[in-house]
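Here's the structure we're looking at; comments come further down.
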Amino acid sequence: MTKSSRAARSLACFLLLAPLPVQSVLAQVPNAPVPGQAPAAETLPGDRDPWLYRGSDIPRDPEWHFGELSNGLKYAVRRNGVPPGQVSIRIRVDAGSLYETDSERGYAHLLEHMLFRQSKYIPEGTAIAAFQRLGATFGSDTNAITSTTQTVFKLDLPNATPTSLDETFKLMSGMVTAPTLSASNLKSDLPIVLAEMRERGGAAKRVQDAMQKTLYAGQPLSVREPIGTVETLTSATPDSVRAFYSRWYRPDNVAVIVAGDADPATLESYVKKWFSDWKASGKLSAAPSFGDPAAPQGADPKNPIGETKVLVEPDLPPSLMYAILRPWRQVTDNVVYNQGLMVDSIAQAVINRRLESKARAGGSFLSASVNQDDVSRSADATFVSVTPLGEDWEAALRDVRGVIADAMTKPPTQAEIDREVAELDVAFQVPVEQQRILPGSKLADDMVNALDIRETVAAPNDVLRIFRESKHLFTPSDVLKHTQQLFSGTVTRALFTTQKQGGATDETLRSALLQPITPDASIRTAGNEKPVSFAKLPAIGVPHKATAQTPTGLLDIEQLTFANGVKAMLWPVQEEPGRVTVKVRFGGGKRSIAPQDAPYIALGEFALVGSGLATLGQEDLDRISTGRKMGFDFEVQDATFQFQAETRPQDLADQLYLFAAKLDLPRWDPQPLVRAKAAAKIQYATYATSPQGVLTRDLEFYQRGKDPRFATPTPEAIEKTTAAGFKKVWSKALASGPVEVQIYGDFDKASTITALEKTFGALKARTPAPSTANVTDVTVPKPSDTPIVLQHHGDPDQAAAVISWPTGGGSMGIRESRQLEILTQLFTNRLLDAVREKLGVAYAPYVYSQWPVDMAAGGSITAVAQLDPKSTTVFFQTADEIAQDLIHNPPTAQELALVTEPMRQQVTRAASSTSFFMGQLEGATYDPSRIGTVRTILYDYTAATPQQMQALAARYLGKNNSWRLEVMPEGKAVGAVAAK
């Protein structure tokens, strides 16, 4: 039973194509459901016997409508108005890499590419442009995915009209039912697939391969990665690929899923029109056997240890995983089955909470968790993951097994169960409250997932009702029984990835798993702790009323100003029921931290929230939010710090307290910092395993002129940090201003203002961090044709290339920053066509623009590609040629439209939610000019001329403005290696 829900259009924002005041309305879609009132369900002929629910007593979700064509194709359609005007289409083929023969490995994924290449209604190489003309962005709105068990073609069509819907169904039907699959198509797509394979290589791929071969030994899953092998792919012929296609691409093996802002009968009519004529010859082939996990002969039935593997990867953190495996069997997806899954979830949650408590207390492991999963219809598995601290991995494994053994020996307390039940209740209740704002793309993906795992979908209110009616089953004895089942199986297998040779062997790992374990009951604490509640927490200070409450002139957004300098923006929107988003921006961000204190930036992102507040430590913060929807995300930006959370109306006041108390009543518990330092040191080496990892670690550092505040701190730098230094740096940051609070969503304004008066209005006045609004002396790399060369430790056929042009920054240039995004999309399209489609040297090259609104400088346009080492010169040459052509020749109006139309649709869709405006208005309480820029956003992103694009290119993309960077494998670097 997969959760699903009905979403109706909640916001309709009509932004004018001219820089005039926004004329926006918050409007319900005609016939959209009223909160608390069940919608009137439409009916179609297939609803009388919906194929998804045959044999199941799960209540049918009345919003989905089902049907079957005479050729065997199944479909499900539903109305959904989020975002307005969009229709999400999914075509699911019940075949993935497990359906391949040995000689066909990689064919399912290769076909995914070739279907986009050329088909009945799409000439060769024109698919991207065809969907862009319909307003769909390649890669986000238009995509496909191949897994071990299915291939899914996905399209989110914005601004769906009868004409565009008909055209979209036509194009997609032609792709699936009549692809060309010619020799030239194969020749064009094979290099792209091999480039994708290359990008996925390296240490992480070696670990993935070892895990597959070890955990699923003897089953097809052990050797059936969707990407395939070089040997089978390079041996592919049009005939062999077509043979796989003919075997599995048949109407009786395909389902079409559609969710969107259209009448279900209309959506059904398109399915019938474009798929009814698809014919299949002969009978559908039976799905191949995926096999069962099996224990080795002579294994102890009480602890059947099978294959164990130790893999040495010097650049990866030590990681141990063992799995208890059982045969997978298709189940009858009924209420009783789902009640069992609920008990399983509680059992796992109890153990995971105990493991986290033990890790927080300090000891042998940094983190550990348990998780049950049905893997690729090949195994029902319970996974245990452990990250050891230090070299004594056996102690870490022993300690984790001890916690699990205790859970298998004695039932949990009712208090522990009640705590996890309360958490699950919130998890099931939130979709009920927010069902009217769930996007159609998620609903369609949920249906695809249900088909893949051979289960049904259910409406959120039915899921919640079944859960609450099942609470009498959640007893200590039931949870104990399910715990024992979760950790019993046919065979147990393990993989340990270690950094050093000789510290462990396959046999010592096996021996450690065979050792008897003493149950560890030391962390059974639930019910014994001192009670915590918000009512008993200390007040922030003396409440103060706002000194001013004024409209912003934009929508119904108001601004509050308090005497202590805090400013808040409030926008109550009932059309987003059950959801409230809170952001708190304060201080000066990275730029306000002294360069010598740079390592504390990363540690703060890891540990600041967990170090506690007021009288609450990390465990208390968990307990006080039990049964509540509360969050505490923390981010360090260029020129500000930010807290963010999504909460509910009933939890908003306490969420505001948590944020305000962190600013004014911080605690400095040491253990979160200890764990953060350990995690940072363990993680650092992983960056060197691939070109992308090195870019993640170093690119921003070089873009910012080697400013240490933008560097990833080394283990040596982390080791030098202290608890006293952490407190000194972050005490100053938490005490700095200005403070801006944003609250958008479903809340009562009067009670929220009262909560603000008690929290942020009661804060002590803060010293503003130095303003960066006029800072222009941002250091950037000097222009050069000679690349900075970095090295990675990954595969020798992997490299990355970067070319970057400095631009600008500041709120006064927001319009130009939006126009630059048009330019970079033009650049991306050309780069994609040149180095992917024509040359085949890179899988997913891209170009992006950064424009720091809080600073007057520091922006950039950056082009990036992962490729083989010998192709970096080709990339630089191609990028230069594209830049020069954009400078000397304006794009055609047609080429520009392929960019601006998708952007128009992206902005229109984004503007149907409050989060869009929250993002645009960040910092507006201190820089009111940002309010005016919202009024022109659609105009800025779409009203561009070829001449304007040419002028922007001339301003920024000159050859003498750029600098370059290469990430090369060790031993293949040509230039001098850059050092920090």
- Candidate pair E356 and R675, rule salt bridge (charged side-chain N to carboxylate O under 4.0 Å, His left out), full reasoning: CA-CA 12 Å; E356 175 62 13; R675 290 183 77 191; 2.8 Å; yes

- Is any NZ, NE, NH1 or NH2 atom of the basic residue among E307 and R493 found under 4.0 Å from an Asp or Glu carboxylate oxygen of the other? yes

- Would a distance-only check, ignoring hydrogens and angles, find a side-chain to backbone donor-acceptor pair under 3.5 Å from Q484 to M408? yes

- Message: Could you check whether S378 and S376, counting side-chain N and O atoms only, form a donor-acceptor pair closer than 3.5 Å?
- Response: no

- Item | Minimum heavy-atom distance A444-W64, with the two atoms named | CA-CH2, 4.3 Å

- Side-chain donor-acceptor pair under 3.5 Å between D333 and S56, yes or no? no

- Would you call Q219 and P293 a side-chain contact if the rule is heavy atoms closer than 4.5 Å? yes

- Query: Is the closest side-chain heavy-atom distance between I523 and V403 below 4.5 Å?
  - Reply: yes

- Task: Could you tell me whether a side-chain N or O of T151 sits under 3.5 Å from a main-chain N or O of T146, the two making a donor and an acceptor?
- Result: no

- Under 3.5 Å side-chain donor-acceptor pair for N449 and E455: no

- Message: For the backbone of R224 and the side chain of Q212, can you confirm whether one donor and one acceptor N or O come within less than 3.5 Å of each other?
- Response: no

- Task: Test salt bridge (charged side-chain N to carboxylate O under 4.0 Å, His left out) on K358 and D399 and set out the steps.
- Result: CA-CA 9 Å; K358 193 168 184 67; D399 288 348; 5.3 Å; no

- On a heavy-atom basis, the closest approach of G489 and I324 is N-CG2, 3.5 Å

- Query: Is the side chain of R360 donor-acceptor paired with the backbone N or O of Q671 at a distance under 3.5 Å, no angle test?
  - Reply: no

- Audit row: T490, D292, side chain to side chain contact (heavy atoms under 4.5 Å, CB included) steps and yes/no: CA-CA 9 Å; T490 304; D292 289 336; over 6 Å; no

- Qualifying residue for side-chain contact (heavy atoms from CB on, under 4.5 Å) with R353, from E423, E619, E416: E423

- Query: Which heavy atom of L514 sits nearest a heavy atom of N303, and at what distance?
  - Reply: CA-ND2, 3.7 Å

- Message: Checking side-chain polar atoms at under 3.5 Å, does T518 have a donor or acceptor matched by the opposite partner on R398?
- Response: no

- Query: Where do N352 and V370 come nearest, in terms of heavy atoms and distance?
  - Reply: OD1-N, 2.7 Å

- Query: Which atom names give the shortest non-hydrogen contact between F66 and P50, and what distance separates them?
  - Reply: CD1-CB, 3.5 Å

- Message: If we count only N and O atoms by modelled type, under 3.5 Å, do the side chains of N334 and T332 hold a donor and an acceptor together?
- Response: no

- Any luck finding a side-chain donor-acceptor pair between Q485 and R326 under 3.5 Å? no

- Query: Quick one: does N143's side chain have a donor or acceptor within less than 3.5 Å of a partner on K154's backbone?
  - Reply: no

- Can any side-chain N or O of Y53 pair as donor or acceptor with the backbone N or O of V457 at less than 3.5 Å? yes

- Mind checking the CG-CZ spacing from D795 to R198? Nearest 0.5 Å is all I need. 10.5 Å

- Does the R90 side chain pair with the main chain of V152, one donor and one acceptor, at a distance under 3.5 Å? no

- With the side chain counted from C-beta on, respond yes when H109 and E112 share a heavy-atom pair under 4.5 Å apart, and no when they do not. yes

- Message: Can you give me the closest heavy-atom contact between A347 and T483, atom names plus distance?
- Response: CB-OG1, 3.3 Å

- Query: Taking it one step at a time, do D452 and T149 satisfy side chain to side chain donor-acceptor pair (under 3.5 Å)?
  - Reply: CA-CA 7 Å; D452 189 41; T149 52; 2.7 Å; yes

- Item | Any N338 side-chain heavy atom under 4.5 Å of S470 side chain | no

- Could you tell me whether a side-chain N or O of T626 sits under 3.5 Å from a main-chain N or O of D622, the two making a donor and an acceptor? yes

- Taking atom types as modelled, find out whether E104 and T101 have a side-chain donor-acceptor pair closer than 3.5 angstrom. yes

- Task: Compute the ring centroids of F474 and F467, then answer whether they are less than 6.0 Å apart.
- Result: yes

